[in-house]
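For reference, the structure is listed below as structure tokens.
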Amino acid sequence: MEKYTRIVVGILETVCREDAVLYAQTYIGMLDRLKMDILYHPDFDEDDLSKRIRFASGLFIHGFMPAKS
């Protein structure tokens, strides 16, 4: 896990120097939750995976913004 975190921190440091470790830990936490869905939900399929990857990445990169009406 340490090595994985260091890799993600290294990538994030190319974009933001401040709080890169915290950002890395947060992103890894989001991905961990997705991993649990993959492991424990037998009906989880590739479409679910694609949707969750897009959602988690978008949330991490852009933050939470309510949909405009």
Side-chain angles (χ1 to χ4, degrees):
M1 196 60 167
E2 270 302 310
K3 184 177 180 182
Y4 178 41
T5 302
R6 282 195 311 271
I7 291 168
V8 175
V9 167
I11 293 166
L12 292 175
E13 283 179 337
T14 65
V15 179
C16 66
R17 289 243 173 242
E18 194 172 321
D19 295 327
V21 172
L22 183 57
Y23 280 108
Q25 291 169 338
T26 302
Y27 189 60
I28 290 168
M30 291 170 64
L31 297 178
D32 254 358
R33 176 61 179 118
L34 294 178
K35 176 182 69 179
M36 300 306 285
D37 287 343
I38 293 167
L39 292 173
Y40 295 109
H41 290 98
D43 56 337
F44 198 89
D45 61 18
E46 280 190 52
D47 289 333
D48 294 323
L49 179 61
S50 294
K51 180 181 177 182
R52 305 267 174 101
I53 289 170
R54 283 191 307 275
F55 183 82
S57 298
L59 179 61
F60 184 75
I61 293 168
H62 303 292
F64 171 75
M65 296 297 295
K68 294 181 180 182
S69 350

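Keep in mind that this is a model prediction, so the values were computed, not measured.
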In short, ring pair (Phe, Tyr, Trp, His ring centres under 6.0 Å) pairs touching residues 39-66 with sequence neighbours left out are Tyr27-Phe60

Write down the atom of Val8, the atom of Ile28, and the distance for their closest heavy-atom approach.
CG2-CD1, 4.1 Å

Are Val21 and Ile61 linked, directly or through other ILVMFWY residues, by side chains that come within less than 4.5 angstrom of each other?
no

Closest heavy-atom contact between Ala56 and Met30?
O-CE, 3.2 Å

With rounding to the nearest 0.5 Å, note down the distance linking NZ in Lys51 to CG in Asp45.
11.0 Å

Could you give all pairs that pass the side-chain hydrogen bond (donor to acceptor under 3.5 Å, both in side chains) test and reach residues 30-39, with sequence neighbours left out?
Asp32-Lys35, Arg33-Asp37, Asp37-Arg52

If I take atom CG from residue Leu12 and atom CG from residue Asp19, how far apart are they, to the nearest 0.5 angstrom?
11.0 Å

Any sub-3.5 Å donor-acceptor pair from Thr14's side-chain atoms to Ile11's backbone N or O?
yes

Please find the pair of heavy atoms, one from Ala20 and one from Val9, that lie closest to each other, and give the distance.
O-CG2, 4.0 Å

Distance from Thr26 atom OG1 to Leu31 atom CG, nearest 0.5 Å?
11.0 Å

Using the test ring pair (Phe, Tyr, Trp, His ring centres under 6.0 Å), find all partners of Tyr4 that sit at least two apart in sequence or belong to another chain.
none

